[in-house]
Amino acid sequence: MRAPATVPDPSLPARVTVYEVGPRDGLQNEQALVPTAVKAELCRRLLDAGLPVVEATSFVHPRWVPQLADAADLLTMLTDQIGDRARELPVLVPNERGLDRALELGCRHVAIFGSATETFAQRNLNRSLDEQFAMFEPTVRRARDAGLDVRAYVSMCFGDPWEGEVPIDQVVDVGRRLFDLGASQLSLGDTIGVGTAGHVTALLGAFTAAGLGVDHLAMHFHDTYGQALANTYAALRAGVTTYDASAGGLGGCPYAHSATGNLATEDLVWMLHGLGIETGVDLDAVVATSTWLAGELGRPSPSAVVRALGGTVEGGTAESPA
Ligand code: HMG
Ligand code: MG
């Protein structure tokens, strides 16, 4: 059986945007250095599989995330291969320096990424919780002035490995401030995958009560504790229609060591299609892509759906770290 039986639930959204983050969130946490040409092929295959958004890379400091040090080369290679479509792929920019690098390559969509907690702001951005806004404010203002679309991420929404529980009010306060800088969408990150379904419902209720409704929210679940699909279902019930996921369940965050992979795109799409929710995504094509990528990385995908539907993994071209 290569697709689930479809049993629609009319109380859920009819259509969902799957926001693919594998090339960025997935590959930023790979031990092995993945060749730029393999990254470009991954982006192209994901677009060809019908994913409407493919986040390509990050213009962060290359010393902080060496895995994405080839961001400019990747964008240049993709522009040669797919023309202007490459400029539509979102990229992360933490600051004005990152924005300048993205603007030089003609990127049209950028994303800032803030932290709901003090400790992660320090570890991920080398800034205090308050200082992060001073870094993002001119970045967003200049991006908007240049006509770019800006997404804002907020990390550690459901728990933090150093601080433990994160109060919902604190998440809403940081999320609101990031969104109000001029973002079109706020992606709520469960960076270390500790959230559970009731927590999702409560957080979304608090955002709605604060005037930031589900039309402007996306969910970004990591699957560390196997809760990502249950959490997605809770968010669907609340009306959220954009979900971040990574092909094959690649991923994590290099500055949050208890973070494992994102919710796998294939696992998400299987559930959505079973619920009769349209995605425009060709599930077989994503599985084939993740199976190919697993071969390049030399290890199998952790996604249950890729394992159920995919092929075998052979040798890889990625260089293992010394
Ligand atoms: P810093 O060291 O404080 O930077 O790092 P600085 O502003 O003091 O500048 C120091 C030097 O770095 C300067 O060079 C800058 O030009 C240069 P110098 O004048 O000394 O020669 N520099 C840069 N170079 C290239 N690109 C840049 C850049 N910025 C400064 N963008 C910084 C601050 C924010 C740059 C650093 O902390 C950083 O790069 N952090 C990125 C960490 C990261 O990428 N984490 C993973 C993404 S977040 C995530 O995965 C979570 C998410 O998935 C959601 C979820 O799961 O919750 C989004
Ligand atoms: Mg993430």
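For ligands, and for the atoms within them, numbers begin at 1 and follow the listed sequence.
Contact of the Asp180 side chain with the Leu212 side chain is not registered, since no non-hydrogen atoms from C-beta on lie closer than 4.5 Å. A 4.5 Å side-chain heavy-atom check between Glu55 and Glu20 finds every atom pair outside the cut-off.
The Mg ion (ligand 2) has no N, O or S atom of Asp244 under 2.8 Å away, backbone or side chain.
For Asp25, the N, O or S atom closest to the Mg ion (ligand 2) goes by the atom name OD2.
Of the listed residues (Val93, Asn124, Leu92), the one carrying the non-hydrogen atom nearest atom 43 (C) of ligand 1 is Asn124. Proximity annotation for atom 4 (O) of ligand 1: of Arg127, Met135, Arg97, Arg127 comes nearest, heavy atoms only. Residue Arg101 holds the heavy atom nearest to atom 25 (C) of ligand 1 of all those in Met156, Arg101, Glu55, Gln28. When the heavy atoms of Asn126, Leu99, Val21 are ranked by distance to atom 2 (O) of ligand 1, first place goes to Asn126.
Taking every non-hydrogen atom of Val65 and a distance limit under 4.0 Å, the qualifying atoms of ligand 1 come out as 43 (C), 44 (O). Taking a cut-off of under 4.0 Å to the non-hydrogen atoms of Leu125, the atoms of ligand 1 that pass are 33 (C), 34 (C), 37 (O). Atoms of ligand 1 found under 4.0 Å from any heavy atom of Gly98 (numbered from 1 in listed order, with element): 31 (N). Every atom of ligand 1 with a heavy atom of His222 under 4.0 Å away is listed here by number and element: 56 (O).
With a heavy-atom cut-off of 4.0 Å, Asp25 touches ligand 1 through its side chain alone. By the criterion of a heavy-atom distance under 4.0 Å, both the backbone and the side chain of Ser155 are placed next to ligand 1. Only the side chain of Arg24 comes within 4.0 Å of ligand 1, counting heavy atoms alone; its backbone N, CA, C and O stay farther away.
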Pair Val21, Leu250 - check side-chain contact (heavy atoms from CB on, under 4.5 Å), show working. CA-CA 9 Å; Val21 296; Leu250 286 166; over 6 Å; no
Evaluate Thr57 against Lys39 for side-chain contact (heavy atoms from CB on, under 4.5 Å), listing each step before the verdict. CA-CA 9 Å; Thr57 186; Lys39 294 177 180 177; 6.0 Å; no
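For the pair Arg101 and Phe59, the NZ or CZ position fails the cation-pi test of under 6.0 Å to the six-membered ring centre and within 45 degrees of the ring normal. Remark: Arg151 is positioned above the aromatic ring of Tyr19, its terminal NZ or CZ atom under 6.0 angstrom from the ring centre and at most 45 degrees off the axis. A cation-pi contact links Arg24 to Tyr153, judged by a cut-off of 6.0 Å to the six-membered ring centre and 45° from its axis.
Polar contact with ligand 1: absent for Tyr153 (N/O pair, distance under 3.5 Å). Of the polar atoms of Phe59, at least one N or O is found under 3.5 Å from an N or O of ligand 1, judged by distance alone. For ligand 1, one of its N or O atoms has an N or O atom of Asn95 under 3.5 Å away.
Take the Mg ion (ligand 2) as the corner point: the lines to NE2 of His220 and to NE2 of His222 open at 90°, to the nearest 10 degrees.
Judged purely by distance below 3.5 Å, without hydrogens or angles, the side chains of Asn231 and His199 never pair a donor atom with an acceptor atom. Side-chain polar atoms of Arg127 and Gln122 form no donor-acceptor pair below 3.5 angstrom. Using modelled atom types, one finds no donor on one side chain facing an acceptor on the other under 3.5 Å when comparing Thr36 with Asp73.
Gln81 CD: more than 12 foreign heavy atoms inside a 6.0 Å radius.
Ligand 1 lies out of reach of Arg63, whose nearest heavy atom is not under 4.0 Å from it.
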